[in-house]
Amino acid sequence: MQPVVQFDNVTKSYGKHVAVENLNLSIEAGKFVTLLGPSGCGKSTSLRMLGGFEMPNSGRILLGGKDVTRVPPNKRNVNIVFQDYALFPHMSVAKNIAFGLELKGLDNQQIHRRVSELLELVQLQDYAKRLPSELSGGQRQRVALMRALAPDPDVLLLDEPLSALDAKLRQQMQIELKSIQEKTGKTFMFVTHDQEEALTMSDTIVVMNKGKIEQMGDPNTLYGRPGSVFVANFIGETNLLRSTVVGTEGDTTALNWNGVTIKAAQGGLAPKAGDHLYVVLRPEAIHCSADEPTSGNRIKGKVRQRVFKGNHTSLSVEVADGAVLNALVHPSDVAQLNGEDIWVGWKPETTTVIPDRHAHN
Amino acid sequence: MRNMFADAPRTTLTAFYWAFLLYLLLPLTLMMAMSFKDANFVAFPIGDWTLDWYAKVMQDKQFLEACLYSVMIAAASTLAATTLGTWIAMLIVAEGIKGQVIIFALACLPAVVPGMISAISLRIFISTIDMPTGTAAIILGHTVHAVPFVVVMALTRLRSMPGNLVDAARDLGADSVVAFFRVTLPYLKPALVGGMIFCVLLSIDDFVRTFFLGGYRPTLPMLIFAKVQGGMSPEINAMATLVLVVTAAVGLYAEYLTRRARTR
């Protein structure tokens, strides 16, 4: 199938600073795609280039197979939900939503029908005549979303639209956004620096770093099988165990980590003895117990810190040679871990390995 | 017991306040009081009160014509100044234009040049380009004088405008002209209305430029000046009182509008 959006070797630089470097990205129609990365990684620039507000220095941007690299924003069939909504302050909610429809040349009846249909989708029928200044943050967010959806764009672009909302409302809007995307079947391209937002809503996450794609995949893959140290650190909390390969046995690898021998799944790599690898160990994969576990990796440690987080307790456990592992403990298991000396254990198949790119062996 | 010396600064301040108020309002009050005096010369005591002077003013053809002329000039120069001022303000905030500081300084210059100098230079200018004195020349002079005020007011508003409003309009299919008329201009409206009222007041009030650039047809200030030279009479007081009340009302309304715009 023809991808709806294609970035073909796109580069954008401001003076000496390269914001986006040789970006190649295809987006399938009807998907919720998130560009995720820290500020300055090039995600917003990519979005603005697709919107038509920035011109790439080289490369092409294709929309529905057509080259739109040099097409001005008003002639592209994409719409943006801006970070601070950018609602027109002198127009009512209905007028804001109708703006794009009027410019498309629809007649009044069609506009009226479409506006009420969209307002109904977000339960704002009673607010049609209000001004944006008379709405709450969440309501403005919904109006901005409907205004951008109204002209029926090929792709809806969302530029960190949830960052101005408080935590509770943000979670609610994440679910609402996802359900609107599913109801309308539109392609959403969402930009955020918040990994939780990305994991909650996306079909595909594109992790960006320093103007390049670091890894692309569905949320499960990115969380469970991060391809680089950057991705492992950026998505979720993690323990990174820099280890040396001792030997392989079937599809498991034996590694030496700070003098302790641990086993890990190979994760598609073919490691040789002496290679340096990072083992990605998520805190929730660790099982803490007072007695020595009977199978899997196990290390004796001392509890250095306990942080109560409500639905779990976070433990910092000092193990071999002063290295610290972070573990999550379920409330029902905390009681038996009152002593300082405990065992940490995990199953080799719950971890993955990442090559150490900086190692020279 | 209260220490009267401790209260001294406060008392002095209050006294100065009332003295200033008296200084500000006494001449105006006297002028207004005299306009109701039933006698031919302006002096105390006021024996009988009358509205005859107002009736006379309202029937004074010269006065009415001068009023109309002033309003016409004010309307024309306000329209020109608002258009020019808005355009210059847009130029100053636009991206990718060099010398914006210089444009701003030049745009503001007419507001700080002394009226006398401005009037003389305008007179020299119009005779250089062979423009006759009269209506067109007065409108030109008033426009030049009013532009800086529009620029400053429009600029203040433009700088408070979220940058992505125009982007949003463009994104939804508006070209730059449509975006200007449907988004930028409505956003500027409160500032422009305030600016326009200010332009009108400046124009109606202007004497020096009008005097240098005018022809034989008198504007309101010129007419009153001529009448004063012919000797004070309560009729002039009545005229001045009318002008005062109308301009004060308009000025207060402008202030109300700009205040409302600021709180939005």
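No hydrogens, no waters, no symmetry mates; every other heavy atom, side chains included, goes into these values. Here is how names work: the chains are called A, B, and so on, in the same order as the sequence lines, proteins then strands, and each is numbered from 1.
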Most chain B-contacting option - heavy-atom pairs closer than 4.5 Å, from [options]:
options: K104(A), K75(A), R147(A); answer: R147(A)
options: L101(A), V78(A), L103(A); answer: L103(A)
options: G52(A), S133(A), A148(A), G100(A); answer: G100(A)

Heavy atoms of other groups near [X] [atom1], more than 12 under 6.0 Å:
X: F207(B); atom1: CZ; answer: yes
X: M58(B); atom1: CE; answer: no
X: K95(A); atom1: NZ; answer: no
X: Q109(A); atom1: CD; answer: no
X: F125(B); atom1: CZ; answer: no
X: Y14(A); atom1: OH; answer: yes
X: I102(B); atom1: CD1; answer: no

Greatest number of non-hydrogen atom pairs under 4.5 angstrom with chain A, of V183(B), V166(B), L172(B), falls to L172(B)

Of all heavy-atom pairs between A174(B) and N74(A), which one has the smallest distance, and what is that distance?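 Answer, listing the atom of A174(B) first, then N74(A): O-CB, 3.3 Å.
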
Closest approach of L165(B) to A86(A) (non-hydrogen atoms, all atoms of both residues): CD2-O, 3.5 Å

Tell me if a side-chain donor or acceptor on N79(A) pairs with a main-chain N or O of D171(B) at a distance below 3.5 Å.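 Checked: pair present.
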
With salt bridge (charged side-chain N to carboxylate O under 4.0 Å, His left out) as the criterion, how do R48(A) and D167(B) come out once you've worked through the C-alpha distance, each side chain's angles and the decisive distance to 0.1 Å? CA-CA 10 Å; R48(A) 286 182 65 82; D167(B) 280 355; 3.4 Å; yes

Part of A169(B) lying under 4.5 Å from any heavy atom of chain A: both

So which part of V178(B) gets closer than 4.5 Å to some heavy atom of chain A, the side chain, the backbone, both or neither? side chain

Step by step, work out the side-chain contact (heavy atoms from CB on, under 4.5 Å) result for R182(B) and F88(A). CA-CA 9 Å; R182(B) 292 206 50 189; F88(A) 306 128; over 6 Å; no

Check: D84(A)/N164(B) side-chain N/O donor and acceptor closer than 3.5 Å: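 Yes, side-chain donor-acceptor contact under 3.5 Å.
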
Which bit of L87(A) comes within less than 4.5 Å of chain B, counting heavy atoms only: side chain, backbone, both or neither? backbone

